[in-house]
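Reminder, nothing fancy here: chain letters follow the sequence lines and each chain counts from 1. These numbers come from the heavy atoms of this one structure, side chains and all, not from hydrogens, waters or symmetry mates.
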Amino acid sequence: MASQRLDSIQAVKGTRDLLPPETALWQRLEEEARRVFRAYNFHEIRTPILEPTGLFARSVGADTDIVMKEMYTFRDRDDESLTLRPEATASVVRAFIEHRLFNEGGLHKLYYIGPMFRRERPQKGRYRQFYQIGAEALGSDHPAIDVETLEMLHLLLERWGLEESTLLLNSVGCPRCRPEYLRALRRALDGVRDKLCADCQRRAVTNPLRVLDCKVEADQPIIEALPRMADFLCPECRQHFEAVQSGLRERGIAFQHAPRLVRGLDYYTRTTFEIVSGALGAQNAILGGGRYDGLSEMLGGPPAPGFGFAIGEDRLVLAVKEAQARQGREEIESGPLVYIAWMGEAATDPAAKLARELRRQNLSVEISPTPIKLKKSLGIASKVKARFTVIIGEGELAGGRYQVKDMTTGQQTAVEAGQIVQVLRQNSATVA
RNA sequence: GUGAGCGUAGCUCAGCUGGUAGAGCGCCAGACUGUGGAUCUGGACGUCGCGGGUUCGAAUCCCGUCGCUCACCCCA
């Protein structure tokens with residue numbers, strides 16, 4: 001896209017600048033998330049972007065792709081190995097343990113918004129610096145937590161206009177029942193391996209669960225016949241999974257049991273889920289999450305079961321834009337409420353004073369630093385999408401009444417100089 | 001890490017089988033000396049990503065390189 005000069009510095013591969021007006025959409029989505037989180041009594045936590053490398057090796061899993069080849073890891077000057085966080089759940093649990101939040105008892109419901117880093121090859125919906133909006137409920141293994149959190153997500157997606165997305169739900173069991181399933185799966189794969197696609201033949205050895213996720217058409221019948229985790233769940237896990245499903249049904253939250261849904265992080269237990277949205281390209285999962293009952297202990301803390309999710313904000317933005325386009329809606333680009341057009345040296349002070357007063361009322365104002373021709377002022381006002389233009393020239397100063405022009409209707413009225421702020425403030429309230 | 005496609009004006013792009021750059025939009029100015037979004041006229045802006053090669057001559061062909069994009073892998 002952009003050509004580059006030899007001597008010009010540009011953003012690091014896989015990172016990008018978010019510019020207005022797009023940042024307005026990001027802000028809106030984040031504000032809606034904060035509002036919903038507050039409604040469910042989640043509170044914000046801010047953890048460092050930099051963490052000791054060991055944190056992720058122990059939580060995400062030393063053998064996962066994320067840890068093996070996707071982390072930004074470097075040695076600090078004192079030789080400590082540091083890593084730019086590839087995800088935030090590990091950090092939240094680390095903070096939970098470090099600050100002894102478990103001593104307060106009860107449930108801790110936390111959310112975060114911020115950048116994560118993974119050194120992958122960038123493509124649509126996947127960047128090296130990407131943003132996640134996530135939440136974690138720590139301190140209970142009750143299925144009601146899973147259900148409540150999914151209900152919260154359901155509301156959030158509705159607020160974002162993404163009610164058409166699909167919730168995929170599965171259970172990956174626990175350290176007691178999963179090993180047995182993996183043995184059964186490996187045994188079954190041994191028998192059919194040579195009939196699978198090349199990728200799956202490799203996965204069958206390196207990561208058998210991944211075979212279940214294969215999208216190759218020809219493999220589907222074989223995959224369908226493989227053993228399913230659902231048939232291997234221990235009684236406790238089975239009961240938990242059923243409680244989550246019936247809870248969702250009771251609340252009218254649609255979901256699909258996705259027996260083949262597996263997640264790439266080692267810490268997940270029992271409930272795992274993903275929400276996919278069409279037309280996002282190959283990266284169609286806008287959010288994923290699940291339960292991680294053993295994570296706290298893996299990090300040296302006390303037992304503290306948890307449930308959480310992370311939304312890929314970059315993908316969320318893509319999905320929202322896509323949904324808006326499909327519904328013929330469009331984000332309205334909002335300009336300032338008022339543009340002040342002033343002519344002649346005598347208007348300098350009155351114009352500046354009006355601008356200051358309006359701004360002190362939190363009304364957005366644009367004003368030229370130098371006097372310019374009215375025709376040009378109106379051109380600028382129109383270009384920046386100002387709702388009103390206030391005209392201050394010789395005649396207005398003499399009469400003590402400024403012209404207020406509504407830029408959408410073109411109507412113009414004279415308003416007492418002393419009344420302008422009040423009149424515009426009222427109008428701003430009626431404007432969407 | 002692997003593969004494919006693409007790098008021409010601020011943006012979107014055209015430029016056939018090599019003859020040394022164009023359109024639309026945008027921007028600036030004027031028609032219209034205090035009334036915008038329309039129209040018309042004029043104007044500014046390009047080391048054709050970079051380096052090398054072939055050739056009388058390269059935006060165009062070849063090689064290399066850098067960058068971007070999409071896909072695989074994996075994941076948000």
Side-chain angles (χ1 to χ4, degrees), chain A residues 1-14 16 60-61 64-70 85-89 113-134 197-200 202-203 206-207 209-210 213-216 261-265 273-277 280-289 308-319 335 339 341-344 347 371-386 388-397 403-412:
Chain A
M1 189 199 285
S3 54
Q4 70 290 333
R5 302 282 273 289
L6 207 62
D7 57 349
S8 73
I9 294 178
Q10 51 183 315
V12 171
K13 183 201 282 291
R16 59 202 180 128
V60 173
T64 58
D65 277 6
I66 292 177
V67 170
M68 284 198 304
K69 46 188 201 193
E70 294 172 3
R85 64 181 185 192
E87 61 112 38
T89 301
I113 299 176
M116 309 295 156
F117 303 83
R118 265 136 69 173
R119 200 184 183 293
E120 299 176 271
R121 194 79 157 247
Q123 70 188 70
K124 186 178 180 130
R126 194 177 68 188
Y127 306 96
R128 289 184 173 182
Q129 174 173 337
F130 59 104
Y131 295 80
Q132 287 189 334
I133 300 174
C197 69
D199 278 338
C200 283
R202 181 176 45 75
R203 291 184 189 125
T206 60
N207 193 348
L209 285 177
R210 277 275 149 218
D213 208 24
C214 178
K215 286 152 202 145
V216 175
L261 173 68
V262 290
R263 319 226 73 249
L265 286 63
F273 67 96
E274 197 168 285
I275 290 182
V276 295
S277 176
L280 275 194
Q283 313 302 327
N284 66 348
I286 64 173
L287 106 228
F309 62 83
I311 300 161
E313 197 172 0
D314 309 76
R315 292 179 189 179
L316 169 68
V317 167
L318 285 174
Y339 185 84
W342 58 282
M343 288 79 69
I372 43 183
K373 287 194 276 190
L374 180 60
K375 179 176 159 53
K376 180 148 193 213
S377 285
L378 285 165
I380 294 170
S382 164
K383 203 179 99 182
V384 301
K385 296 186 164 63
F388 298 98
T389 298
V390 173
I391 300 167
I392 308 174
E394 265 180 53
E396 285 75 18
L397 289 172
Q403 294 292 329
V404 176
K405 176 162 184 154
D406 184 320
M407 297 303 283
T408 49
T409 65
Q411 277 178 355
Q412 195 168 306

Donor-acceptor pair under 3.5 Å, [X] side chain vs [N] base:
X: A:Glu70; N: B:G1; result: no
X: A:Lys405; N: B:U35; result: yes
X: A:Gln403; N: B:U35; result: no
X: A:Arg126; N: B:A76; result: no

For A:Arg119, which residues count as a side chain to side chain contact (heavy atoms under 4.5 Å, CB included) partner, sequence neighbours excluded?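 Once residues adjacent in sequence are excluded, the partners of A:Arg119 under the side chain to side chain contact (heavy atoms under 4.5 Å, CB included) criterion are A:Tyr72, A:Arg128.
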Applying a 4.0 Å non-hydrogen cut-off, can you work out what [X] is touching in the nucleic acid: base, sugar-phosphate, or nothing?
X: A:Glu313; value: nothing
X: A:Tyr127; value: base
X: A:Gly410; value: base
X: A:Met116; value: nothing
X: A:Ala381; value: nothing
X: A:Ile391; value: base
X: A:Gly393; value: base
X: A:Glu396; value: base

From [options], pick the nucleotide closest to the side chain of [X]?
X: A:Gln132; options: B:G36, B:A71, B:A76; answer: B:A76
X: A:Ser382; options: B:A29, B:G1, B:G37; answer: B:G37
X: A:Leu374; options: B:G34, B:A71, B:C74; answer: B:G34

Partner of B:C32 by Watson-Crick or G-U wobble geometry, both contacts under 3.5 Å, or none?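 B:C32 is unpaired by these criteria.
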Can you tell me the pairing partner of B:C68 across any strand shown, Watson-Crick or G-U wobble, with both distances under 3.5 angstrom?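 Paired with B:C68, as far as the under-3.5 Å criterion goes, is B:G5.
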Span that lies between the [atom1] atom of [M] and that of [N], in whole angstrom:
N: B:U60; M: B:U8; atom1: P; value: 13 Å
N: B:G5; M: B:G43; atom1: C1'; value: 38 Å
N: B:G19; M: B:C25; atom1: P; value: 28 Å

Discussion item. Checking side-chain contact (heavy atoms from CB on, under 4.5 Å) between A:Thr389 and each of A:Leu374, A:Leu378, A:Val404, which is the one that passes?
Written reply: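 The side-chain contact (heavy atoms from CB on, under 4.5 Å) with A:Thr389 is passed solely by A:Leu378 among A:Leu374, A:Leu378, A:Val404.
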**Asked** So which one's nearest nucleotide on RNA chain B is more toward 5', A:Arg128 or A:Lys373?
**Response**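 Per heavy-atom nearest nucleotide, the more 5' residue is A:Lys373.
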pair A:Phe309-A:Ile311: side-chain heavy atoms closer than 4.5 Å: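 Heavy-atom side-chain distance check passes, below 4.5 Å.
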